[in-house]
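Structure first, commentary second.
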Amino acid sequence: MPPKADLTETTEIIVEIFRELLKRDDVDHDSSLADLGATSLTAVRIRSRIRSRLGKSIELMDIMENLRPRELAVVTAGAPEWLGKRR
């Protein structure tokens, strides 16, 4: 498991991504995408933002199985580096 400080930072970035894409200010580390009205397109966009901001390569199923920022942060922190183009 990654250091707690790294995990906290990753969680905060994922919360920001959720807020931006869902256009909601009420998202926190324990908010569920299912409760926030996210769609599969939202998941694709989350994956793209995680790649560009965190440089990590996660699968769509990682998002679908970890709907809360705190859960997704753990998966993201342990994911391999994304080797594609960065914007």
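Bear in mind the structure is a predicted one, so any value in this text is a computation, not a measurement.
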Closest approach of V15 to V27 (non-hydrogen atoms, all atoms of both residues): CG1-O, 3.7 Å

Any residue meeting side-chain hydrogen bond (donor to acceptor under 3.5 Å, both in side chains) with T11, in chain and number order, not counting sequence neighbours: none

Check: K56 side chain, A77 main-chain N or O, donor-acceptor pair, under 3.5 Å: yes

Side-chain touch I63/V44, heavy atoms, less than 4.5 angstrom: no

Connected via hydrophobic side-chain network under 4.5 Å: V75 and L7: no

Within residues 57-78 or reaching into it, pairs that qualify as side chain to side chain donor-acceptor pair (under 3.5 Å) - sequence neighbours excluded: D30-R70

CA sep, side-chain torsions, deciding dist, call: L72, T10, side-chain contact (heavy atoms from CB on, under 4.5 Å): CA-CA 9 Å; L72 189 55; T10 300; over 6 Å; no

With sequence neighbours excluded, residues passing side-chain contact (heavy atoms from CB on, under 4.5 Å) with L67: S32, L33, A34

For D26, all residues meeting salt bridge (Lys or Arg N to Asp or Glu O under 4.0 Å), sequence neighbours excluded: R24

Residues which pass salt bridge (Lys or Arg N to Asp or Glu O under 4.0 Å) with R19, listed by chain and number, not counting sequence neighbours: none

L54 CG to E9 CD distance, which is reported to the nearest 0.5 Å: 8.0 Å

Point-to-point distance, once rounded to the nearest 0.5 Å, from CD1 of I14 to OG of S31: 13.0 Å

Pairing residues for T39 by the side-chain contact (heavy atoms from CB on, under 4.5 Å) criterion, not counting sequence neighbours: L41, T42

Heavy-atom check, side chain of F18 versus side chain of D28, under 4.5 Å: no

side-chain hydrogen bond (donor to acceptor under 3.5 Å, both in side chains) against E20, all qualifying residues, sequence neighbours excluded: R49, R53

